[in-house]
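Beneath this line is the structure, given in structure tokens, with notes to follow.
Just so it is clear, the structure is predicted and the values come from calculations on it, not from any experiment.
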Amino acid sequence: MPNIKIFSGSSHQDLSQKIADRLGLELGKVVTKKFSNQETCVEIGESVRGEDVYIVQSGCGEINDNLMELLIMINACKIASASRVTAVIPCFPYARQDKKDKLASSEVGYFKHLEKSRDSKYRSRAPISAKLVANMLSVAGADHIITMDLHASQIQGFFDIPVDNLYAEPAVLKWIRENISEWRNCTIVSPDAGGAKRVTSIADRLNVDFALIHKERKKANEVDRMLLVGDVKDRVAILVDDMADTCGTICHAADKLLSAGATRVYAVLTHGIFSGPAISRINNACFEAVVVTNTIPQEDKMKHCSKIQVIDISMILTEAIRRTHNGESVSYLFSHVPL
């Protein structure tokens with residue numbers, strides 16, 4: 001593939017190497033270091049003049065440092081006369097901060113007595129950080145964004161440049177068919193109402209039933225109560241979500257499904273963040289397996305949790321890069337055609 005260069009940030013070099021290998025290319029030379037005051041310094045070690053540049057950097061690990069590193073790499077390539085710079089961000093950072101729709105948790109109790117009379121006057125002062133990240137990527141010089149399973153699809157509208165939001169669904173369908181012998185007698189379950197569209201799509205492709213769990217939160221990362229809508233009795237339940245962080249929701253959901261009569265419970269997630277008590281919760285939960293893609297590195301997590309299994313999605317990102325470079329369509333392919 002002429003006139004194309006692949007560079008890797010420091011967040012997920014294993015995935016970057018797999019993409020480069022599938023394209024038959026060498027990863028570009030990058031030198032990353034930090035000054036004593038923790039400023040990030042990035043030097044691109046080869047010419048990118050007139051090249052179609054792809055920079056792979058996932059929103060994980062030291063997220064703020066990795067985001068800043070990505071912005072610097074984009075800008076360095078842009079001012080070095082790259083013809084186009086595409087940021088390949090498998091897990092988009094700050095994607096959960098995509099709207100401004102509620103009071104800050106510290107204010108909820110204080111303003112409860114105002115709900116009937118003056119509720120509209122008191123609104124959250126929370127930022128829309130996903131929009132801020134979109135602005136920073138554009139200002140840094142990105143011409144195109146490739147990402148996977150955005151937490152909220154409206155984030156694509158935060159950009160004034162093309163965004164290809166790929167889907168892990170084909171890889172998930174393939175894993176279910178190959179690894180769950182009773183998949184024809186399963187129910188696909190969303191752990192919250194927001195994922196209903198995702199689970200109905202997978203359930204339709206498998207020709208099985210779906211269910212969802214309505215959850216209420218007291219505050220972020222803490223679920224108050226859950227209500228199952230649908231039937232899982234004497235069936236395999238497969239929880240499907242775009243991401244799991246502290247895993248409180250999916251572990252509560254697994255208990256709920258088991259108490260509702262499910263024979264076995266699996267979780268299939270695109271982005272396995274697994275921070276804080278997540279690994280301990282998974283180890284103590286009733287899951288047969290917790291399946292995640294490698295948009296985020298999982299090697300260290302797998303050492304401490306035998307239930308975690310990984311689906312490689314490098315082939316999806318590779319094909320997206322190849323099609324983008326050749327000026328072909330990307331999004332339709334991965335949302336409709338199984339691998």
task = Go through the steps to decide whether Thr324 and Arg84 satisfy the test side chain to side chain contact (heavy atoms under 4.5 Å, CB included), and finish with yes or no.
result = CA-CA 11 Å; Thr324 299; Arg84 180 174 63 174; 3.7 Å; yes

Verdict with supporting geometry, Ser190 and Phe210, side chain to side chain contact (heavy atoms under 4.5 Å, CB included) = CA-CA 8 Å; Ser190 172; Phe210 69 91; over 6 Å; no

inquiry  = Using the rule given for side chain to side chain contact (heavy atoms under 4.5 Å, CB included), can you reason through Arg177 versus Leu206, listing the C-alpha separation, both sets of side-chain angles and the distance that settles it, and then say yes or no?
reply    = CA-CA 9 Å; Arg177 290 186 179 116; Leu206 294 173; 3.8 Å; yes

key: CA sep, side-chain torsions, deciding dist, call: Asn66, Ser10, side chain to side chain contact (heavy atoms under 4.5 Å, CB included)   = CA-CA 7 Å; Asn66 290 334; Ser10 58; 3.5 Å; yes

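Distance alone, capped at 3.5 Å, places no donor-acceptor pair between the Glu43 side chain and the Val31 backbone. No donor-acceptor distance shorter than 3.5 angstrom exists from the side chain of Asp14 to the backbone of Gln17, with no hydrogens or angles considered. Side chain of Asp312 to main chain of Asn294: no donor-acceptor pair is present (N/O by atom type, distance under 3.5 Å, no hydrogens or angles). Without hydrogens or angle criteria, Gln309 side chain to Ala289 main chain gives no donor-acceptor distance under 3.5 Å. A donor-acceptor contact shorter than 3.5 Å is absent between the side chain of Ser58 and the backbone of Ile89. In this structure a side-chain-to-backbone donor-acceptor pair under 3.5 Å is present from His271 to Met148. Checking side-chain atoms of Asn75 against main-chain N and O of Ala140 turns up a donor-acceptor pair under 3.5 Å. Remark: the backbone N or O of Lys197 is not paired with any side-chain donor or acceptor of Ser201 at under 3.5 angstrom. When atom types are taken as modelled, the side chain of Glu51 and the backbone of Ile4 share a donor-acceptor pair closer than 3.5 angstrom.
Contact detail for Lys307 and Ile282: the closest heavy-atom pair is NZ-O, 3.1 Å. In plain terms, the two heavy atoms of Pro162 and Asp143 that are nearest each other are CD-O, 3.3 Å. Considering all non-hydrogen atoms of both residues, Lys5 and Ser47 come closest at NZ-O, 2.8 Å. The two atoms that bring Pro127 and Gln97 nearest to each other are CG-OE1, 4.1 Å, heavy atoms only. The two residues Ser11 and Gln57 have their closest heavy-atom pair at OG-OE1, 2.7 Å. Residue Ala267 comes nearest to Phe287 through the heavy atom pair CB-CE2, 3.6 Å, listed as atom of the first residue, atom of the second, then distance.
By the criterion of side-chain heavy atoms lying less than 4.5 angstrom apart, applied directly or through intervening Ile, Leu, Val, Met, Phe, Trp or Tyr residues, Met243 is not grouped with Leu67; the two fall into different hydrophobic clusters. One hydrophobic cluster, built from ILVMFWY side chains closer than 4.5 Å, holds both Leu239 and Val292. Cluster membership for Ile202 and Tyr266, using ILVMFWY side-chain heavy atoms within less than 4.5 angstrom, is shared. The same ILVMFWY cluster, assembled from side-chain heavy atoms under 4.5 Å apart, contains both Ile311 and Ile180. Both Ile145 and Phe7 are part of a single hydrophobic cluster, where members link through side-chain heavy atoms under 4.5 Å apart.
Note on Asp245 versus Arg96: salt bridge recorded, some NZ/NE/NH1/NH2 to OD/OE distance being below 4.0 Å. Between Asp164 and Arg323, none of the side-chain N atoms (NZ, or NE/NH1/NH2) sits under 4.0 Å from a carboxylate O, so this pair counts as no salt bridge.
Side-chain atoms of Thr270 and Asp149 include a donor-acceptor pair closer than 3.5 Å.
Counting heavy atoms of neighbouring residues, nucleotides and ligands inside a 6.0 Å radius, atom CG of Asn284 exceeds 12 of them. Shown here is Glu26, whose CD atom has no more than 12 heavy atoms of other residues, nucleotides or ligands within 6.0 Å. Heavy-atom contacts from other residues, nucleotides or ligands closer than 6.0 Å to CD of Glu328 number more than 12.
In this structure the side chain of Ile279 reaches within 4.5 angstrom of the side chain of Lys301, judged on heavy atoms. You'll find the side chain of Val85 reaches within 4.5 Å of the side chain of Ile55, heavy atoms only. Counting heavy atoms from C-beta outward, Ile296 and Ile273 have side chains that approach closer than 4.5 Å. Proximity of Ile6 to Ile321: side-chain heavy atoms (C-beta onward) are separated by under 4.5 Å at one or more points. Side-chain atoms of Phe274 and Leu269, non-hydrogen and from C-beta on, do get closer than 4.5 Å to each other. Contact check for Asn165 versus Phe92: no side-chain heavy atoms found under the 4.5 Å cut-off. Residues Ser138 and Asp160 have side chains not in contact (no heavy-atom distance under 4.5 Å, counting atoms from C-beta outward). At least one side-chain heavy atom of Thr318 sits less than 4.5 Å from a side-chain heavy atom of Arg322.
A distance of 5.5 Å separates OG in Ser181 from CZ in Arg264, rounded to the nearest 0.5 Å. Between the CG atom of Leu257 and the CZ atom of Arg235 there is a distance of 12.5 Å, given to the nearest 0.5 Å. Considering CD1 of Ile308 and NZ of Lys303, their distance stands at 12.5 Å, rounded to 0.5 Å. A distance of 6.0 Å separates CG of Leu137 from CG of Leu70, quoted to the nearest 0.5 Å. Taking CG of Asn326 as the start and CG of Asp52 as the end, the distance is 9.5 Å to the nearest 0.5 Å. A distance of 11.5 Å separates NZ of Lys131 from CD1 of Ile155, quoted to the nearest 0.5 Å.
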